[in-house]
Amino acid sequence: MLRLPCPLCGLRDETEFTYGGDATVIRPPESETDIAVWLDYVFLRDNPRGPHREYWHHVSGCRQWLVVERDTLTHTIGTARLARESKA
Amino acid sequence: MLEPRSPITSSLAATSGALSSLRLSERAPGALLQIAGWADFEAASAPALSELGFKGLGDYQEARTSGSAIAYRIAPDRLLLRHGEQEGLLTAARALDPETACCLDLSHARWVFGIEGATAASLLARLVPIDCDPAVFPTGRFAQTAIHHVGVLLDRRSEQQWELLIPVTWAQSLWDYLCEAAGPLGYRLEQAAE
Amino acid sequence: MSGRYSAFKILGQALSGNRGWGRAWRDPAPKPAYDVVIVGAGGHGLATAYYLAKEHGQRKVAVLEKGWLGGGNTGRNTTIVRSNYMMPGNTLFYERSMKLWENLSQDLNFNVMFSQRGQYGLCHSPSQIDAARRRGNIMRANGIDAELLDREAVKRRLPDLDYSPNARFPIHGALFQGRAGTARHDAVAWGFARAADRLGVDIIQQCEVTGFLREGARIVGVETSRGPIAAGKVGLAVAGHSGHLAKAAGLRLPIESHKLQAFVSEPLKPLVDNVISYGAAHFYISQSDKGGLVLGGDLDGYNSYAQRGGLPIVEHTLASAKALMPSLSRLRILRHWAGVMDMSMDGSPIITKTPIEGLYLNGGWCYGGFKATPASGWCFAWTIAKDCPHPDNTEFTLERFARGYQIDEKGAGPTPNAH
Amino acid sequence: MTATRLPQGGWIDRNHTLSLTFDGRRLKAHPGDTLASALLANNHALVGRSFKYHRPRGVYSAGAEEPNALVALREGSRCEPNTRATQIEAFEGLVARSQNAWPSLRWDMGALNQLLSPALHAGFYYKTFIGPFQGTAFWMRCEHFIRKAAGMGEAQRAPDPDSYEKVNAFTDVLIVGSGPAGLGAALAAGRAGLRVLLVEQDWQLGGSLLSAPRGRQEAWLQEVERELRSFPNVTVLTRAMVFGAYDHDVYGAVERLWDHVATPPDGQPRQRYWQIRAKRTILATGALEQPLVFAGNDRPGVMLAGAVRSYLNRFAVRAGRLALVAANNDSAYATALDLAEAGAEVTLLDSRAEVPEELTGPLKERGVAVMSGHAVFAAKGHERVGGAAIAAVGSDGRALEALETITCDLIAVSGGWAPALHLWSQRQQKPRYDSTKACFLPEGGWVETQDCIGAAAGTGGTAAAFAAGLTTGNLQPGAAPTLTDNGPGDDWTRAPQRQVPFTGLSGKPAGKAFIDLQHDVTVSDIDLAEQEGYRSVEHLKRYTTSGMATDQGKTSNLNALARIAQLRGSSIGEAGTTTFRPPYTPIAIGALVGRDQGLHFRPIRRTAIHDWHQTAGAVMTDAGPWMRPWYYPQAGESVQQTYKREAAHVREQVGLVDVSTLGKIAVQGPDAAEFLNRVYVNGWKTLAVGRLRYGIMLREDGIVMDDGATARLDTHDYFMSTTTANAAKVLAFAEELLQTAWTDLRVQVTSVTDAWAAFALAGPRSRDLLSKLTPESDLSAAALPNNHWVAAEIAGIQLRIHRMSYSGELAYEVYCPSGYGRALWEAIVAAGHSFGLQPYGTEAMGALRVEKGHVAGPELDGRTTLADLCLEGFASKKKSYVGSVLKNRPLLQDPDRPTLVGLEIEGKQGANPGSLLFAAEGPTQGHGEGWVSSPTYSPALERNIALGFLKNGPQRKGERIRVVDFMSDTTLTAKVVSHHFFDPEGARQNA
Ligand SMILES: Cc1cc2nc3c(=O)[nH]c(=O)nc-3n(C[C@H](O)[C@H](O)[C@H](O)COP(=O)(O)OP(=O)(O)OC[C@H]3O[C@@H](n4cnc5c(N)ncnc54)[C@H](O)[C@@H]3O)c2cc1C
Ligand SMILES: NC(=O)c1ccc[n+]([C@@H]2O[C@H](COP(=O)([O-])OP(=O)(O)OC[C@H]3O[C@@H](n4cnc5c(N)ncnc54)[C@H](O)[C@@H]3O)[C@@H](O)[C@@H]2O)c1
Ligand SMILES: Cc1cc2nc3c(=O)[nH]c(=O)nc-3n(C[C@H](O)[C@H](O)[C@H](O)COP(=O)(O)O)c2cc1C
Ligand SMILES: [Zn+2]
């Protein structure tokens, strides 16, 4: 079981969260009409074997979307930040 | 004034186990109000908070008390306020500027389970994946977590006294679950005492 | 090299101390070049090589495996074989697989123990019955056996399930496929390996592909832990590893790698005679010929390349087991493990020529690729040999997402862990 | 083998006598015994039959590693097959049976398999049963018998009468194992004031100390235990086995609370599952003794030497009188010595040529014959050992001379030790082979929070193990009570020499020599696998099944590796281990389920009216986690009769339905309208306060996700409703968009599903009824037209009345605070009497919406587009919204797609949902031209109708098509019509 460090709630069990997938894909702006851009965003993933930036939704806790750094091979956790703050 | 009807209608044995100091109760939360905002939430919520005697947003995980009001900082831009009187919160709500903050009456959305006694923390260990050791979770703290996959708010009111805010539609199911878990520890059901 | 297997041979060998059994497959050193290199000696890669040699007369084929053959998902799955797919593009492919399964032991001269013990897909609400009926109708309209059973019929056939008022999700009925069943997973890898080897395919283990050799945009071989190997065509059949390997070739895929756990109980005398899929949670159970109950559950839910699972899914799976069959409670779990799978964006696989010349892809099998093994190899071999898909895999392309071709059995949308 | 209970000694309570039954035979035992020690004390050698050859087997070990003595424990619904007799605590009335034998343990027909054994070699089944025939029938007939023969114990089929519980634990230090190393670590951490959880699978603390003569370390043990138990910060769990080590320092343990009595006390759980989160973990799990491999090494009476010593010193059972002790390392010397002290005649064979005098000296003093450079090559006897063939042995394991048979009734073997590094290795660290110590060691790991100490780390000697424990807390040995070594040869890591197997001059064992006792894997099986090219250890394991039994190779893996190393002339380390997986020993399914069983498998969600529905006789149905009234039958009514009556009643008079399960989301803030505009396909910028609007939202990929009405309550305040099924998904998606993409929008979304009860009041008399209830409100069509809402009060309850219709009748949805929901419902029902008000369930609601052509769950199946649902017209062309680009993918625009139609079914019989649609002529093959999604009998139209999807549907109105249901073998004919079957102009709802 993973234990994820929510910046608000502290270190919590994976069971309180739902996984939100790759956080490096950036949702295109509303004005984007190029279908290729949307196809990329919705369907294609880097799927790295190693460090991964990913979304977790603390759905049974503070309900915040977090961006967590996690290694997909070792499951080691790096930082975890609120998604809204880590948006570049 | 109408009282909200308890979602707990199962008739469980009033006690289980002979010698037990564990007391379980269920009751309405009183008034519950969520205040939420955007941008500068600290400033936006200040008028309502000061109406209730709170200063600043407070820390996450800290349950602050002022008179008969409790403030839970549940998210960066959200506070959950609890009060014995509906009126107390309404004045606070009226103090907000709808351009910078909004409020939401959740009084009917939650029910309260009280857990009290020397074995309260043992019962909680059977329900939530939260460390209830007093060194880690002292009185005056709260946690948003899950019981049996349902999101709940757990508030340590004193060394041996805990309250859980439970979404009402799940309350009956979780109450049965909780009582079952408490069975081996032994417990007494109490009338709401407030 | 080993001769043909048969009961007579076993008796003969028994009398002479079993000294005459030859190697099931050779252990060749890699040659500098092959016509076709298949990456990944799982069931799919081995079957592809076998059918390339058998059906398409390809003589210079190698299968490269980073570990030991059959050690990927082929060697760690819950072995359910069924052909109850309803989306056009899936239905006939899986039925082709079923037909290949039915004579696979004979074809390979290796007992893969395909046992058509039947599979029950349980329904727990009127709307699940409706969905099952639609699926069953499509199967039957395509010549595939299917039977919709009501609660009483299920109860007669599977008396040990929970029909009490204590069942949280009562059983309303089931969709039953009698020809479905299980096979001995390792034997599938070994059988294909042995048969391919006998047709001259080089199976090279402990040989990890780390990159690609290129001539301009074209791929002309692979870099491996045992040196470069040239190839006319390169086919990837690396299950959970498609994503990062394709990336090395410059392709981003509609795939995330996720892990799935499986469980086996202590060995028991026959208890569960069929495959049973619970409809109220992601859970299924069967019993291996050795007597272990084989249990499968849901994904752990997050991208992972680690072949180990976590306790939440252990709890979830075992709770489902007990909810389905309360008498399992006192039986014991012997071992649990996990496999890494390609979860595609629509839950369906990919067998295709890629936009990169010389590179072919077989992946995206999610948790359903074991049953596909023979047809996947068969169609992939066809696609590689003829440079175009067979009608049964025409829709398993990468372009389907852009075209809007829907092959999403669950209707869950582009969320890989929801399929 | 003649085993006896000694007149004194041991950790058993001789003041109490227990009566146990094994295969109907009574055994006398004492508290402190295990079933295994009781069997031995009663000189009961034969305990079980092996998996494949049905060879007689007896007790082999004294612990978790037991491969042979598996029994069915308890009877009836409490029966547990495959239970290790070595870990079953004796209790009064214990009943156990042997397994895998027919007709009896003594006379087992299965033993005939041995005659065939050359043909039943590893993997023989892959080579036969294929048959000359096509298909699988021949194999399946053979399989039927194979399955019956396979398996060990028999499972019972009744529900488990016992309960279980789960506990979450948090600790600074988790210490696994309470031998000297674990106790040392616990003392150190306890004194440092850390939160400590010490977990021991045995019921007694002490680990290997309990195998020494009781007097020797008892005082020490008591002192240490007293100190540990005095710490408030130390929790000691006994009878608790840590079964798995998981990511992020989470461990699972199962505590057997009441397995040592016949039945748990009333209301108490049988077992407790601990889910432990540890900051740091110290694994002091000891080491497991390994067998020696020689012909007949499975005979009852061949036992691990350490186990023989445990039975002697802990249970006061001497396993034999004429004992042969055979070893390749120092550790068995203590066994030989203690046996001699207990009056046995002992011969010790050490396969090593050189043995130091300090080991042999004390033994010789006691009259033990010590023969270095000797080994045992065969055990003699059938159901129990009667002798042994021994000889001088070379370093390659071959006899150097002719075998000599000696008489003995016990062969105590020690093939060296294997550190129990399972938990360490489960976190994906492969151990390293140490050829000096001849075992794998937990070295080279990357998990910094986990340490192995003591025997588990290859530390030899008791004092050293204790010191290693103390060191984990920076304590010096002097700081704690002194612990001395535990007999001769306590350093089991000194110069062991592994030879597998011992063979005659031919290089072959003199008979079946077992590597994996439980799975009947012999040396020749390993050899065959190697010969056939199953060379990876993983292939070897799977081909021979070595290490795959319930003991998971605790006594076989190392020897299997040693054999292949020998065959290849390579080192054991090069072969490498297979993967260690949880659980350490098998765990009951029920334990991990805890209380999440029966109705608590998943929590149930109830509306405020739940009890009323039940009292009213409603039949409830599951809707996701919710329970909803499906229909309210009157005496004797079937579901069909009921829904027709209910639906007709709504059209004729007035009905009331509980729709509290709809998802409700408060959308608040200055940018709320913008937010709605982006998530819904239709426009929201113009919705005035006091009005509501139906909306549809798509997924990112352009497929329809959900629909529902949203009301504007105030300038910045909207009230969104979703379908019951999608409520959680929509909220999470909204939060995702707002927190990850649209961070600039000033909007908050909050679930208010729990806050509001909601009822729909539908039918021509609904207005009259509501007006009576709230006389102050003007509900006239002019004052409150469709898609408007108004605040009102009924029975003192402040509420909102939304005028909108799902049924197509004049209808209202009433929203009130959920705590008042029941009161309001009752008020409406009471007032409704004079209006003929009846409640209706989801089935009737479905019939009404089908008559109106409204789509719901069966139509929104995650694959349909707006156009498929004939809802394209809703979508705004002037703005973008979620899914607006990808919905234009070419095949989603194909006009030929199956599209929503109405179907009028001809004849009396209705269509089944999920039936396929085919043209009137032609074959009924393939995927059909469409399918039936929602059929119903329409009371209003007095005929069977259905919603369905049909290729090119809208262009085919009037066409007659076939509705085929293979599942029920029926074909019906239907006419394609508009899906707006009833009152298409909406006159009734706008009344
Ligand atoms: C727990 C679990 C249960 C499942 N249950 C079922 C089921 O009941 N029914 C069903 O139909 N399907 C099931 N599946 C899915 C099924 O197992 C897989 O889809 C199928 O086995 C895939 O076969 P494969 O040959 O493509 O992959 P694999 O057998 O995984 O083979 C891929 C091979 O590629 C190798 N490889 C990877 N990268 C490289 C590289 N760079 N160089 C060289 N070699 C490489 C790997 O080592 C591996 O051996 C399950 C999967 C899991 C994990
Ligand atoms: N002379 C010999 O034959 C011999 C051989 C090996 C060890 N030893 C002696 O034992 C000493 C080792 O002491 P130690 O403390 O390292 O080991 P130990 O064997 O004394 O204690 C290990 C303890 O861990 C427990 N355990 C193992 N796995 C467990 C699990 N998963 N969950 C819960 N409990 C578990 C065992 O029940 C046992 O009590 C040695 O140093 C020493 O010399 C002697
Ligand atoms: C259908 C099936 C049955 C299995 N039965 C057993 C079994 O009886 N005993 C056992 O130890 N392992 C059994 N396994 C599990 C394997 O030992 C192993 O865990 C699995 O193949 C994954 O490999 P790994 O654990 O080495 O990574 C079984 C696996 C499968 C797929
Ligand atoms: Zn949080």
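Throughout, protein chains are lettered first and strands after them, A, B, ... in sequence-line order, and every chain is numbered starting at 1.
- Proximity to chain D (any heavy atom under 4.5 Å) is shown, for Ala7(C), by both the backbone and the side chain.
- In this structure, a donor-acceptor pair under 3.5 Å is present between the side chains of Gln893(D) and Asn888(D).
- Contact tally against chain C (heavy-atom pairs below 4.5 Å) for Tyr273(D), Phe133(D), Phe51(D): the top residue is Tyr273(D).
- A salt bridge does not link Asp162(C) to Arg168(C): none of the charged nitrogens lies less than 4.0 Å from a carboxylate oxygen.
- Comparing Glu143(D), Lys166(D), Glu80(D) by how many heavy-atom pairs each has under 4.5 Å with chain C, the most go to Glu143(D).
- Listed for the Gln287(C) side chain is a donor-acceptor partner under 3.5 Å among the backbone atoms of Leu271(C).
- The shortest side-chain heavy-atom distance between Phe966(D) and Asn137(C) falls under the 4.5 Å cut-off.
- For Glu409(C), the part lying near chain D is the backbone, with the side chain staying farther off; criterion is any non-hydrogen pair under 4.5 Å.
- Comparing Gln925(D), Glu538(D), Glu154(D) by how many heavy-atom pairs each has under 4.5 Å with chain C, the most go to Glu538(D).
- Residue Ala137(D) does not touch chain C at all, counting heavy-atom pairs closer than 4.5 Å.
- Applying the ring pair (Phe, Tyr, Trp, His ring centres under 6.0 Å) test to His185(C) and every residue at least two apart in sequence or in another chain returns nothing.
- Both the backbone and the side chain of Phe124(D) come within contact range of chain C, with heavy atoms under 4.5 Å apart.
- Contact tally against chain D (heavy-atom pairs below 4.5 Å) for His336(C), Arg184(C), Arg140(C): the top residue is His336(C).
- Heavy atoms closer than 4.5 Å to chain C are found in the side chain of His519(D), but not in its backbone.
- For Ala338(C), the part lying under 4.5 angstrom from a heavy atom of chain D is the backbone only.
- In this structure, the side chain of Lys148(D) does not engage the main chain of Lys269(C) through any donor-acceptor pair within 3.5 Å.
- With a 4.5 angstrom heavy-atom cutoff, Cys142(D) does not touch chain C via any of its atoms.
- Using a 4.5 Å cut-off between heavy atoms, Ile130(D) touches chain C through backbone and side chain atoms alike.
- A donor-acceptor pair is defined here as one N or O able to donate and one able to accept, closer than 3.5 Å; such a pair exists between the side chain of Arg889(D) and the backbone of Leu886(D).
- With a 4.5 Å cut-off on non-hydrogen atoms, Asn109(C) touches chain D through its backbone and its side chain both.
- For the set Phe401(C), Phe8(C), Tyr405(C), Phe169(C), the count of heavy-atom pairs under 4.5 angstrom toward chain D peaks at Phe169(C).
- In terms of non-hydrogen atom pairs under 4.5 Å with chain D, the most contact-rich of Trp101(C), Trp190(C), Trp337(C) is Trp190(C).
- When side chains are defined from C-beta on, Ile587(D) counts as touching Leu592(D), because their heavy atoms get closer than 4.5 Å.
- Between Arg134(C) and Asp861(D) there is a salt bridge, since at least one side-chain N of the basic residue sits less than 4.0 Å from a carboxylate O of the acidic one.
- In this structure the side chain of Phe601(D) reaches within 4.5 angstrom of the side chain of Ser320(C), judged on heavy atoms.
- Ranking Glu102(C), Gln206(C), Gln116(C), Met87(C) against chain D, the residue ahead of the rest is Gln116(C), based on heavy-atom pairs under 4.5 Å.
- Chain D forms more heavy-atom pairs under 4.5 Å with one residue of Ile129(C), Leu69(C), Leu92(C), Leu11(C) than with any other, namely Leu69(C).
- Interface residue Ala146(C): backbone and side-chain heavy atoms are both found under 4.5 Å from chain D.
- In this structure, chain D has heavy atoms under 4.5 Å from both the backbone and the side chain of Ser105(C).
- Using a 3.5 Å distance cut-off with no hydrogens or angles, the side chains of Tyr164(D) and Gln597(D) do not pair a donor with an acceptor.
- Glu532(D) places no side-chain N or O within 3.5 Å of a backbone atom of Tyr534(D) that could act as its donor or acceptor partner.
- With hydrogens and angles ignored, the 3.5 Å screen pairs no side-chain donor or acceptor of Asn111(C) with any backbone N or O of Lys127(D).
- In this structure, the side chain of Arg308(C) does not engage the main chain of Asp247(D) through any donor-acceptor pair within 3.5 Å.
- Between chain D and the options Gly413(C), Gly411(C), Gly291(C), Ser125(C), the largest number of non-hydrogen pairs under 4.5 Å is found for Gly411(C).
- Ranked by heavy-atom pairs under 4.5 Å with chain C, the first of Asp596(D), Leu70(D), Thr621(D), Asp162(D) is Asp162(D).
- Residue contact with chain D, scored on non-hydrogen atoms closer than 4.5 Å, involves the backbone and the side chain of Gln307(C) alike.
- Highest contact tally toward chain C, considering only Ile146(D), Thr865(D), Leu528(D), Asp527(D), is held by Leu528(D) [criterion: heavy-atom pairs under 4.5 Å].
- Within the 4.5 angstrom heavy-atom criterion, atoms from both the backbone and the side chain of Thr136(D) approach chain C.
- Between the side chain of Asp551(D) and the main chain of Gln518(D), no donor-acceptor pair closer than 3.5 Å is present.
- Of the N and O atoms on the side chains of Asp346(C) and Gln406(C), not one donor lies less than 3.5 Å from an acceptor on the other residue.
- Contacts between Arg74(D) and chain C at a heavy-atom distance below 4.5 Å involve the side chain alone, from C-beta outward.
- Residue Pro159(C): no heavy atom, backbone or side chain, is found under 4.5 Å from chain D.
- Side-chain contact between Lys9(C) and Trp21(C) is present, with at least one heavy-atom pair separated by less than 4.5 Å.
- Both the backbone and the side chain of Asn18(C) come within contact range of chain D, judged by heavy atoms closer than 4.5 Å.
- Of the listed residues Leu116(D), Thr128(D), Ile589(D), Val593(D), the one with more heavy-atom pairs under 4.5 angstrom with chain C than any other is Ile589(D).
- Contacts of Leu175(C) with chain D are made by side-chain atoms alone, with heavy-atom separations under 4.5 Å and no backbone atom involved.
- Inspection of the Thr579(D) and Arg581(D) side chains reveals no N or O donor paired with an N or O acceptor under 3.5 Å.
- With a 4.5 angstrom heavy-atom cutoff, Val932(D) does not touch chain C via any of its atoms.
- Neither the backbone nor the side chain of Gln13(C) comes within contact range of chain D; no heavy atoms are under 4.5 Å apart.
- Using a 4.5 Å cut-off between heavy atoms, Met139(C) makes no contact with chain D at all.
- Looking at Ala623(D), there are no atoms closer than 4.5 Å to chain C (heavy atoms on both sides), in backbone or side chain.
- Residues Phe918(D) and Trp931(D) keep their aromatic ring centres 6.0 Å or farther apart.
- With a 4.5 angstrom heavy-atom cutoff, Met86(C) touches chain D via backbone and side-chain atoms both.
- No part of Gln99(D) comes within reach of chain C, as not one of its non-hydrogen atoms sits under 4.5 angstrom from that chain.
- Residues of residues 324-333 of chain C lying under 4.5 angstrom from chain D, judged on non-hydrogen atoms, are Pro326(C), Ser327(C), Leu328(C), Ser329(C), Arg330(C), Leu331(C), Arg332(C), Ile333(C) in numerical order.
- The minimum heavy-atom distance between Leu108(C) and Val112(C), with the atom names listed, is CD1-CG1, 4.3 Å.
- For Gln552(D) and Arg335(C), the side-chain atoms include at least one donor-acceptor pair closer than 3.5 Å.
- Side chains of Trp68(C) and Val537(D) form no contact here, defined as non-hydrogen atoms less than 4.5 Å apart.
- With a 4.5 angstrom heavy-atom cutoff, Thr317(C) does not touch chain D via any of its atoms.
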